[in-house]
2 protein chains.
Amino acid sequence: MDEALPRQTEPAPQKGTVTQRAIEQIKAMIGEGRLEPGARLPTERELAVQLGISRSSMREAIRALTVLGVLEARHGSGIYVTQLEAGDLLETFGVVADLSRGPQLVELLEVRRILESTATALAAARITPGELAEVEKHLAAMHATDDPEEILSHDLAFHRAIVAAAGNDTMAAILEGLSSRTFRARVWRGYQEEGAFARTRREHAAIHRALVAHDPEAARAAAAAHVGEVEEWLRTQLRQ
Amino acid sequence: MDEALPRQTEPAPQKGTVTQRAIEQIKAMIGEGRLEPGARLPTERELAVQLGISRSSMREAIRALTVLGVLEARHGSGIYVTQLEAGDLLETFGVVADLSRGPQLVELLEVRRILESTATALAAARITPGELAEVEKHLAAMHATDDPEEILSHDLAFHRAIVAAAGNDTMAAILEGLSSRTFRARVWRGYQEEGAFARTRREHAAIHRALVAHDPEAARAAAAAHVGEVEEWLRTQLRQ
DNA sequence: TTGAGCGTAGTGGTCAGACCACTGAGCTGA
DNA sequence: TCAGCTCAGTGGTCTGACCACTACGCTCAA
């Protein structure tokens with residue numbers, strides 16, 4: 001059975017470019033379970049013959065699915081389906097954050113505020129002593145240095161550890177994209193230059209307190225306020 | 001200045017494949033503002049010469065950025081940078097929903113519950129009479145037919161209209177991906193077969209009431225319950 | 001018997017050049 | 001004036017060749 005409903009009497013409607021069709025066909029193979037996660041695909045040359053297209057076009061299709069995190073090409077070995085986990089598929093989410101500007105950055109921060117506050121609330125309810133120790137490690141490291149690069153790095157790890165404790169890998173992957181290194185660097189730079197370090201520390205401490213107390217509502221409020229501060233600052237920047 | 005820090009004394013570290021490098025370079029050109037949204041790029045042949053690679057490799061790079069929604073190729077005309085709006089960049093988000101299975105679907109629904117409940121709450125506060133009329137149109141259409149396809153279609157439009165009224169295009173684009181047609185079709189099918197139509201109608205009515213009353217908290221609760229029902233049903237399905 | 005080292009077949013990565021399909025701007029002529 | 005045509009330029013596709021790398025099996029000395 002073909003993937004398209006017979007909307008025409010034509011046997012092969014030839015819609016779109018051959019590469020686009022190849023992308024859809026491989027996606028369909030995976031979606032229908034004909035290719036399991038981790039499975040190895042036929043060779044580029046063989047796939048091209050199977051779908052009746054040239055190797056160049058097939059390579060473009062494979063490249064497309066590679067950047068989407070669906071396939072993984074290993075030089076000299078073969079092409080494999082990824083595990084199709086959240087991390088694989090949502091890696092490209094960072095591109096959005098990297099290329100967004102102006103009002104769109106505010107919208108992204110708003111999404112991050114919503115997700116991160118909920119994730120922090122979940123974490124407060126579920127976090128284990130081991131996970132809490134990890135969070136505290138980065139909190140302490142953040143206070144122990146003056147190097148902005150290192151602070152940013154531990155800041156990221158601090159939030160990442162909290163989100164991981166929330167137990168939803170998909171949400172974690174999305175937030176990872178929303179907090180991607182370049183995105184944070186661009187916004188944080190200006191924000192911290194205005195002497196927001198002290199405020200950031202206070203907010204981090206509040207989040208930490210809520211986690212220790214296993215108080216979801218306090219955690220939600222603290223996380224929302226934390227991201228909201230940056231969001232509001234960015235709004236102000238855009239107005240002027 | 002090159003994009004990479006000089007971690008080696010080498011002038012050109014040659015990291016990764018040439019195609020990957022080309023992707024990064026084009027992305028950098030856009031990120032640095034050398035290519036504005038809507039701008040037209042040099043021809044494939046010219047770009048290939050500029051970056052010192054073959055046209056094949058350049059085409060793969062362009063294809064990759066095309067599927068990511070960053071570039072748009074027009075046959076016979078040229079290659080253009082998209083408007084880099086949320087819709088352009090987050091179109092690929094639907095791929096995640098299409099290829100996710102099992103526990104990951106539950107995680108996706110959890111993310112959707114969080115975002116959609118907040119979006120519905122925002123909509124309740126901001127919705128205009130015109131937007132409300134649009135919502136009601138789909139609500140009525142949903143009740144006026146028995147065709148599952150049409151019901152699903154209006155169900156999607158109902159939520160889309162609400163989310164649009166929330167005023168955050170980025171969030172709307174993400175939710176669009178999370179509610180993509182194939183995703184909904186896969187989950188909804190089983191859900192509705194169990195006679196959930198009546199419940200769905202009640203929940204939609206509750207959401208509508210909250211919107212009319214401009215009551216954000218009621219709207220949030222109603223939307224969360226609505227998605228949560230499906231989420232819980234899916235959890236049950238996975239257990240057995 | 002064992003294991004380090006060496007081939008080698010097969011795979012993805014890259015390149016070059018050719019032709020096709022489509023677009024759009026300029027020319028032509030009624 | 002403008003409908004229609006022409007054609008140079010652009011993306012889309014194909015072919016075939018070679019390079020870089022991997023994995024596996026073979027060899028041969030310990």
Side-chain angles (χ1 to χ4, degrees), chain A residues 10 12-27 29-30 35-83 88, chain B residues 4 8 10 12-27 29-30 35-83 88:
Chain A
E10 302 286 15
Q14 286 278 106
K15 61 163 185 180
T17 68
V18 297
T19 303
Q20 196 58 43
R21 252 180 298 154
I23 293 174
E24 298 301 332
Q25 291 189 48
I26 295 178
K27 243 172 56 182
M29 283 191 227
I30 297 171
L35 284 173
E36 290 295 315
R40 190 190 139 161
L41 277 70
T43 68
E44 293 179 345
R45 293 161 174 88
E46 201 171 327
L47 271 175
V49 173
Q50 278 184 25
L51 302 191
I53 65 179
S54 72
R55 197 186 155 202
S56 319
S57 302
M58 179 51 72
R59 273 191 61 79
E60 284 188 30
I62 292 169
R63 171 70 63 180
L65 290 169
T66 297
V67 302
L68 290 180
V70 176
L71 298 181
E72 179 190 352
R74 299 184 206 150
H75 192 171
S77 173
I79 304 164
Y80 302 80
V81 181
T82 67
Q83 291 303 316
D88 300 322
Chain B
Q8 301 289 340
E10 301 288 15
Q14 287 278 107
K15 62 162 185 178
T17 67
V18 296
T19 303
Q20 196 57 43
R21 252 180 297 155
I23 293 175
E24 298 301 331
Q25 292 188 48
I26 296 178
K27 243 172 56 181
M29 282 191 226
I30 298 172
L35 284 173
E36 290 294 315
R40 188 190 141 160
L41 277 70
T43 69
E44 293 180 346
R45 295 163 173 86
E46 199 172 328
L47 271 175
V49 173
Q50 280 183 24
L51 302 190
I53 65 179
S54 71
R55 195 186 158 204
S56 316
S57 301
M58 179 52 72
R59 273 191 60 79
E60 284 188 29
I62 292 169
R63 170 70 63 179
L65 291 169
T66 297
V67 301
L68 290 181
V70 175
L71 299 182
E72 180 190 353
R74 297 185 208 152
H75 192 172
S77 173
I79 305 165
Y80 302 80
V81 181
T82 67
Q83 291 304 316
D88 299 323

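In what follows, every chain begins at residue 1, and chains take the letters A, B, ... in the order their sequences are listed.
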Specify the separation, in whole Å, of atom [atom1] of [X] and atom [atom2] of [N].
X	N	atom1	atom2	result
E60(A)	dG12(D)	CD	P	8 Å
E72(B)	dG12(D)	CD	P	11 Å
R63(B)	dG11(D)	CZ	P	13 Å
R59(A)	dG16(D)	CZ	P	18 Å
R45(B)	dA18(C)	CZ	P	12 Å
Y80(A)	dT22(D)	OH	P	12 Å
L71(B)	dG12(D)	CG	P	11 Å
M58(B)	dG13(C)	CE	P	17 Å

Hey, what do you get for [atom1] ([X]) to [atom2] ([Y]), rounding to the nearest 0.5 Å?
X	Y	atom1	atom2	value
E44(B)	S57(B)	CD	OG	12.0 Å
D88(A)	L71(A)	CG	CG	11.0 Å
Q20(B)	Q25(B)	CD	CD	11.0 Å

| request: Specify the residue among R55(A) and S56(B) whose closest nucleotide of DNA chain C lies further upstream toward the 5′ end. | output: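 On the 5' side of the pair lies R55(A).
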| request: Can you figure out which of dT10(D), dG12(C), dT14(C) approaches the side chain of I79(A) most closely? | output: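 Per side-chain heavy atoms of I79(A), the pick is dG12(C).
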| said: By nearest atom, which of the nucleotides dG13(C), dA21(C), dT10(D) is closest to the H75(B) side chain? | reply: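 For H75(B), the side-chain atoms sit closest to dA21(C).
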| said: Looking at every non-hydrogen atom in both residues, tell me the closest pair between G69(A) and T82(A) and how far apart they are. | reply: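 Taking G69(A) first and T82(A) second, the nearest heavy atoms are O-OG1, 3.0 Å.
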OP1, OP2 of [N] versus side-chain N and O of [X]: anything below 4.0 Å?
X	N	result
T17(A)	dG11(D)	no
R74(A)	dT11(C)	no
S77(B)	dC22(C)	no

| message | Considering every strand and a 4.0 Å limit on heavy-atom distances, what is the contact class for I62(A): base, sugar-phosphate, or nothing? | response |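 The answer is nothing, as I62(A) stays clear of every strand by at least 4.0 Å.
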| said: Reading DNA chain D from 5' onward, which residue's closest nucleotide shows up sooner: T43(B) or S54(A)? | reply: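 Per heavy-atom nearest nucleotide, the more 5' residue is T43(B).
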| message | Strictly by side chain to side chain donor-acceptor pair (under 3.5 Å), give each pair with a member in residues 60-72 of chain B just once, sequence neighbours left out. | response |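 Sorted pair list: R59(A)-E60(B), E60(A)-R63(B), R63(A)-E60(B).
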